[in-house]
Amino acid sequence: MAKKPRKTSSSENEGVVQKFNYSRASPSVRFPHLNYTDNPSKTRLENNTNFKEVYDEIARVGEEDLSNVNDEGLEVLGRTKAKKMTKLALKRAKDWRKRVQFLTHRILQLKPQEFVADVLDDKIVQMTPTDFCYVVKSLGQSSWPRALEVYEWLNLRHWYSPNARMLATIVAVLGKANQEALAVEIFSRAEPSVGNTVQVYNAMMGVYARYGQFSKVQELLALMKERDCTPDLVSFNTLINARLRSGPMSANMGTELLNEVRRSGVRPDMITYNTLISACSRESKLEEALKLFADMQASKCQPDLWTYNAMISVFGRCGLARKAERLFKELQTKGFLPDTVTYNSLLYAFAKEGNIDKVKEVGDEMVKMGFGKDEMTYNTIIHMYEKRGQHDLALQVYKDMKNSGRCPDVVTYTVLIDALGKASKMNEAASVMTEMLNAGVKPSLRTYSALICGYAKAGMRLQAEDIFECMRRSGIRPDHLAYSVMLDTFVRSNDVRKAMMLYHDMLRDGFTPDSLLYESLLRVLGGEKAEESIQKVIKDMEEISNLTPHVISSILSKAGCFNYALKSLRLAISEGYELDYVNILSILSSYSTSGRFSEAIEFLNFLKEHSPSSQRFVTEALVTVLCKACQLDAALDEYQKNYSFYLSDSGFGMYDTLLRCCAETDQYATASQIYSDMLFNGVEPSDDVCRIMCLVYCKMGFPETAHNLLHHVGKNSSLEQDISLCVALIEAYGKLRLLEKVEDVVGCLRQKRVVVDRKVWNALVEAYASSGCYEKARAAFNTMMRDGPSPTVDTINSLLQALVVDGRLSELYVVIQELQDMGFKISKSSIVLMLDAFAKAENIFEVKKIYQGMRAAGYFPTMHLYRVMIRLFTKGKRVRDVEAMVSEMDEADLKPDISIWNSMLKLYTTIDDYKKTVQVYHQMKEDGVSPDEETYNTLIVMYCRDHRPDEGLLLMHTMQSHGLNPRMDTYKSLIAALAKQLMVEQAEELFESIKSEGRKLDRSFYHLMMKMYRSCENHSKAEKLLVMMKDSGVEPTIATMHLLMTSYSSSGHPAEAEEVLNRMESMGSDSTTLTYSSVIGSYLKNGDYNVGIQKLLEMKAKGISPDHRVWTCFVRASSLCQTMEEAMMLLQAIKSAGLDLPVRLLTENSESLVMELNQYFEKLQPLEDDAALNFVNALEDLLWAFEQRATASWVFQLALKNNIYHHSVYRVADKDWGADFRKLSGAAALVGLTLWLDHMQDASLEGFPESPKSVVLITGTSRYNNISLNSTVKIFLWEMGSPFLPCKTRSGLLIAKAHSLRMWLKDSPFCLDLELKNSPTLPETNSMQLVDGCFVRRGLVPALKDINERLGLIGPRKFSRLALLSDEKRDKIIQAEIVGREEKLAKLKKKGIPLRKRVNKFRRNHHVREKDLSRSNNT
């Protein structure tokens, strides 16, 4: 019989492929634990899905199992001649199965050149028409040609009457054998009486359904109705199957198909539902599947195991493995036993989300239940590992599969090759292909396509070409993908000849390139100036691809063939084609992006002339073209210029483009204005426009406006369920901490969607985290764990961030442990988040612990991590840790960036290690890192701290020459340093330069300058500065006037200070004790005690109560009075004013004074300006000066107890042998020193401090009320002959060797009695005297001056010996010392030995000179 020619499918040309037989419908395989004994027939797996299609009801015709017959029985049946039976007896015979099996066996044993008639004509067995149906069906399972031959033999017999059952059987056999043309021919030539039956129509519809020819099935269904043949449920099930195979499911298709079945008066059965749910599973349509499942239960159609398998599969495909697992447990409670399909579907669900542990667990359970891992199980696991990029594990599973006796099929090999190709591991992919061929598995089209794509991706063009040719030689016709990849490969390599040859082959095989491929091909042809080929391709696009002129123009324009594009479009317009404005805009956009704006405008003018109705379009198009050319300003100008065009019924294309362009360039306010114009002009916004505006309002911080807009348009659109919009709303509300609104958005979404997207959950958790609501964030996290989707790393990080924001850092470890117990692996980003949190809290211990754990877990630090840790260690002054971090970076081949270098510079500057600062700076320059603004600012501050502002000025000029400007704090540091060094000219020059730059100077700058003028006693400049300050708009405060006042008072000009006070009062400023204390202190310092007392009385008369400032002034002045009479006069004055404690401390010796003084100290402590410290220091000076030193001792200890003096003054009890006297007055330091010596004497008796330690006394370099603490303590110790010497490397330190100190404390007569005692009577004169800033014993002053003037600086022991001598003896010894020095110098000169001045090495290297930095800059 002649076969009608037809277009063969790609599957037919793949040749004979080794099929994977999987008997999932057989009870003995599905339920091995029930011990079924039957030997199931093998059924073929039709497609590579995760589970078998529910039932093959579509092509089933009287499906009945054939029993097995052994060979002996067949021989007996063949030797025995059957008796002639009547038709009735034949029908009643019970041996029909043996007869069918016998005849089938005899026919299949025929050689290819033999005919069926050779067996059938012998009439070995007597057969009924029904028996012949079973023979045809049985033959069809092995050889459809033999089945067709039996059918033709029967039709040629005069005794045979065609029947519907036989016709349906042969049609079904041919359909299963992919012989659609033969099936159609047999159906079309059948007699109407036979063919016009439901059974035959169903079989033919099943054939069409196999190829997804839905229209053909519809035609047959209509033909049935025309011929009064009522369709049954099988007909409608076939119709549903055909529709599902014809293309992807549309929205609500399942429900519509069910309703169509019901409208026909047929009730859907289990097969109907299972078919639809299976289709939903294949296309991952979860919501549709859930609706169908609910409808099935509502219709009282009980789900079976296939239904549950399909539902588990759809949950797995949609990434809801937890729900799939829950359904797996549910089916067992319903009495169903899971089969291999169930387990494979569940395993696929966990494999898709990459849950390796669960995949292993399901696989183990599958084996435990007796199923064993089959090919599909292994394929799923291999695919999972390949998706995760774990190719080694995938290959290991592949090896395990072969070792377990399972034969890898074409799917296995294809998955491996595809994954390896995507990972650019082409050598491994080629090896797998070789194994596949060696195993006798013939590659499919997908296999070849995967290998070709891999080679193309890896840029291995020749190998891709070889595989492509090999595929064609093997008889497999390339599909569209293979042609497209190869054509794209040739195009990318600019091989025009091969590209055009392949292009022609592609067209010949019925495939056409898509628009992008046409574009690439034309671009290459245009580059080669192949005009003929371009014209040929254009002709093919018109005639073969049936593309419209506008689409062709768009492709040509994108390919850069602008002349052809314009020519094509002009022709279309001239011939009156209906304009496709979208394509025109695309062409204009291509012109714009290529910079051919003049041609685009010229074309728009042409369009205006030939299409008068497109005037508005031309105007809008011009705006759109400018937008797409990224010329938004020009587009907005054009929009404003032609605003009148848009007042009526304007389209929204222009608005859409304008709004999108404004949103992309962050011009949100402009976008909002354009949207308002759009609404005003009556233009209905599209969903896309509304989406853009919702995002714009969220970016502007107006989520409520966006929410209202979304709610307004959401009734008629799907925008309310748009995930990106919901996420944007949640994020915007979260930033504003409007958590109720956030929960409202999520709640509405959960009501409308069965499953909420993971992005929404993550945004919700992040919103809670930004407000520090950990409990709510954890509740959302738990909901995700329960209902899905599974939390991700972002979810976990947001959960941890909630604790960080709430300040509950201590709970981070607890949450981390809980997450690990739940099976989550803590990612590197989570660890970095924790480390950042502890770093911001400056918890160095926890940061180091996390960092070490991170390294132990195999996570390597990044530059950000190093930056954070070095910044933290810099704040904590952890020098060794910073240096260790930099060393680690060097080992990891990471170069520190400018941020890290700046942190190191700050660190060494902060700890005053200026030498190391220079080394770091030199190293930074050697690494090629240019200093930035932060670098220069740090170095300038370093100079200021090192008391070298002149070099800081030079560096500032260098900085400005590089276009960098110092910070205001840097300027302030420079001025302060210059002021301390009294470098008035430089300070004034810098001050004026800052003003000339137009910078706004705050009050502190003026105060610094005023302090400098105060120190220089330049009062006129201070007055001028005050005027300048007012002219600059900075109003003087009381502090400013006080500075001016103290400027006068400190320089001994109390009258001018009083004048400033009067000026303040005339300006309306209220006088305070601060201002009066300055004036009173000035008079008292000048010795005008009566005037000072008068000002005190005047202050009281004005209603100003004296406070601690006034008391301190009077007590301090009393301590410097020459006589007791003057001191008592001042103390009596403050006693009359309200404070009698100082007088009583001098004159009384009562225990009640301790309590009263303690109460007064407690009253002073909360006050500002160190009120308690200043008052105690003044008291100590007074008591020491008038020899009430026992009282001074307990006052000192009372101050320690009340934390007025810091406890680190001395801590001998803690074996801290040093002492720190900074912030103490001269007398207070002497009291503390005496107490410290007393404690140290006790320690020395016990052998402490141990050698070779040194003992350090810190005095500092500052002056307290013009008293140098360093000089005062040094002279006191020198007088006692102590072993303390000045530190050679740092000023303000006195150092003694531990052994020398112990010996001195034991043997020195000065240390025999260190107890502080009060003088029995108050002395008439002050026992102390202020000499050159040194608070020294009055009797020592003459000797001190004599020694210093004649000998200069000498050792403490020599000084002690000289100070104790009488004037005459001292004079003789000093004179002898001078003569000895002169003789020594004379001898050295006579010998010619040059005299060298001793230079301190450390100081020479310690400082950073500008020339060093300049040298670094030059290198």
Side-chain angles (χ1 to χ4, degrees), residues 909-910 912 933 936-957 959-960 965-1051 1053 1056-1057 1060 1063-1064 1069 1074-1075 1077-1078 1081-1082 1168-1170 1174 1223 1260-1266:
T909 300
T910 304
D912 298 336
E933 185 176 308
Y936 283 114
N937 282 319
T938 304
L939 291 172
I940 292 171
V941 170
M942 178 197 72
Y943 282 126
C944 296
R945 290 186 178 183
D946 202 26
H947 310 296
R948 289 178 294 140
D950 51 342
E951 297 179 46
L953 276 175
L954 291 175
L955 188 59
M956 184 195 73
H957 296 316
M959 177 183 183
Q960 291 173 334
N965 292 319
R967 291 196 301 259
M968 293 302 289
D969 289 341
T970 306
Y971 280 127
K972 195 179 296 182
S973 298
L974 263 176
I975 291 177
L978 291 168
K980 285 182 180 180
Q981 299 290 324
L982 298 182
M983 301 171 67
V984 179
E985 292 182 6
Q986 292 88 335
E988 289 177 340
E989 183 182 349
L990 178 59
F991 185 79
E992 290 299 328
S993 68
I994 299 172
K995 287 190 64 180
S996 64
E997 290 176 4
R999 297 210 181 191
K1000 183 72 174 176
L1001 299 179
D1002 60 15
R1003 192 173 286 107
S1004 62
F1005 281 90
Y1006 292 98
H1007 287 180
L1008 286 172
M1009 295 297 292
M1010 203 168 284
K1011 287 177 182 178
M1012 182 182 66
Y1013 291 138
R1014 178 186 65 187
S1015 301
C1016 298
E1017 300 183 3
N1018 197 333
H1019 322 298
S1020 59
K1021 286 191 175 182
E1023 287 281 0
K1024 290 179 181 178
L1025 189 66
L1026 184 65
V1027 176
M1028 188 189 303
M1029 183 178 179
K1030 292 179 180 178
D1031 294 340
S1032 300
V1034 181
E1035 288 298 324
T1037 61
I1038 295 177
T1040 311
M1041 301 307 292
H1042 183 258
L1043 275 174
L1044 184 60
M1045 198 181 305
T1046 54
S1047 176
Y1048 283 119
S1049 61
S1050 61
S1051 59
H1053 294 77
E1056 287 80 357
V1060 175
R1063 194 190 312 170
M1064 290 174 60
S1069 298
L1074 177 65
T1075 55
S1077 64
S1078 298
S1082 178
E1168 58 185 5
D1169 298 332
D1170 292 329
N1174 292 334
K1223 292 191 177 182
T1261 57
S1262 301
R1263 285 175 173 259
Y1264 182 83
N1265 290 317
N1266 293 326

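This chain uses plain numbering: 1 for the first residue, then up along the sequence.
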Does the pair K995 and L1001 meet the rule for a side-chain contact (heavy atoms from CB on, under 4.5 Å), with working shown?
CA-CA 7 Å; K995 287 190 64 180; L1001 299 179; 3.3 Å; yes
Where do [X] and [Y] come nearest, in terms of heavy atoms and distance?
{"X": "M1010", "Y": "L1025", "answer": "N-CD2, 3.6 Å"}
{"X": "A987", "Y": "M1012", "answer": "CB-SD, 3.6 Å"}
{"X": "V941", "Y": "S973", "answer": "CG2-OG, 4.2 Å"}
{"X": "A976", "Y": "L1008", "answer": "CB-CD2, 3.9 Å"}

The criterion is salt bridge (charged side-chain N to carboxylate O under 4.0 Å, His left out); which residues satisfy it with [X], sequence neighbours excluded?
{"X": "R945", "value": "none"}
{"X": "K1021", "value": "E988"}
{"X": "E985", "value": "none"}
{"X": "R967", "value": "E934"}

Name all pairs fulfilling the salt bridge (charged side-chain N to carboxylate O under 4.0 Å, His left out) condition that reach into residues 999-1012, sequence neighbours left out, sorted by first residue then second.
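Passing the test, one end in residues 999-1012: K972-D1002, E997-R999.
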Nearest-0.5 Å distance that lies between atom [atom1] in [X] and atom [atom2] in [Y]:
{"X": "N965", "Y": "I994", "atom1": "CG", "atom2": "CD1", "value": "11.0 Å"}
{"X": "M983", "Y": "L990", "atom1": "CE", "atom2": "CG", "value": "11.0 Å"}
{"X": "D950", "Y": "L955", "atom1": "CG", "atom2": "CG", "value": "11.5 Å"}
{"X": "I975", "Y": "C944", "atom1": "CD1", "atom2": "SG", "value": "10.0 Å"}
{"X": "N937", "Y": "Y971", "atom1": "CG", "atom2": "OH", "value": "9.0 Å"}
{"X": "L978", "Y": "F991", "atom1": "CG", "atom2": "CZ", "value": "13.0 Å"}

Quick one: does any side-chain atom of S1032 pair with a main-chain N or O of M1028 as donor and acceptor, under 3.5 Å?
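Answer holds: yes.
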Is the backbone N or O of M942 less than 3.5 Å from a side-chain atom of D946, with the two atoms forming a donor-acceptor pair by type?
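Pair absent, no side-chain N/O of D946 close to backbone of M942.
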Using a 4.5 Å cut-off on heavy atoms from C-beta on, say whether the side chain of L953 contacts that of E989.
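Not touching, per the 4.5 Å side-chain cut-off.
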What I'd like to find out is whether the side chain of Q986 reaches to under 4.5 Å of the side chain of P949, using heavy atoms alone.
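Contact flag for Q986/P949 side chains = no.
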Derivation and outcome, side-chain contact (heavy atoms from CB on, under 4.5 Å), residues Q981 and R948:
CA-CA 8 Å; Q981 299 290 324; R948 289 178 294 140; over 6 Å; no
Restricting to side-chain hydrogen bond (donor to acceptor under 3.5 Å, both in side chains), what partner residues turn up for T910, sequence neighbours left out?
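Testing T910 for side-chain hydrogen bond (donor to acceptor under 3.5 Å, both in side chains), a comparison that skips the adjacent residues, returns none.
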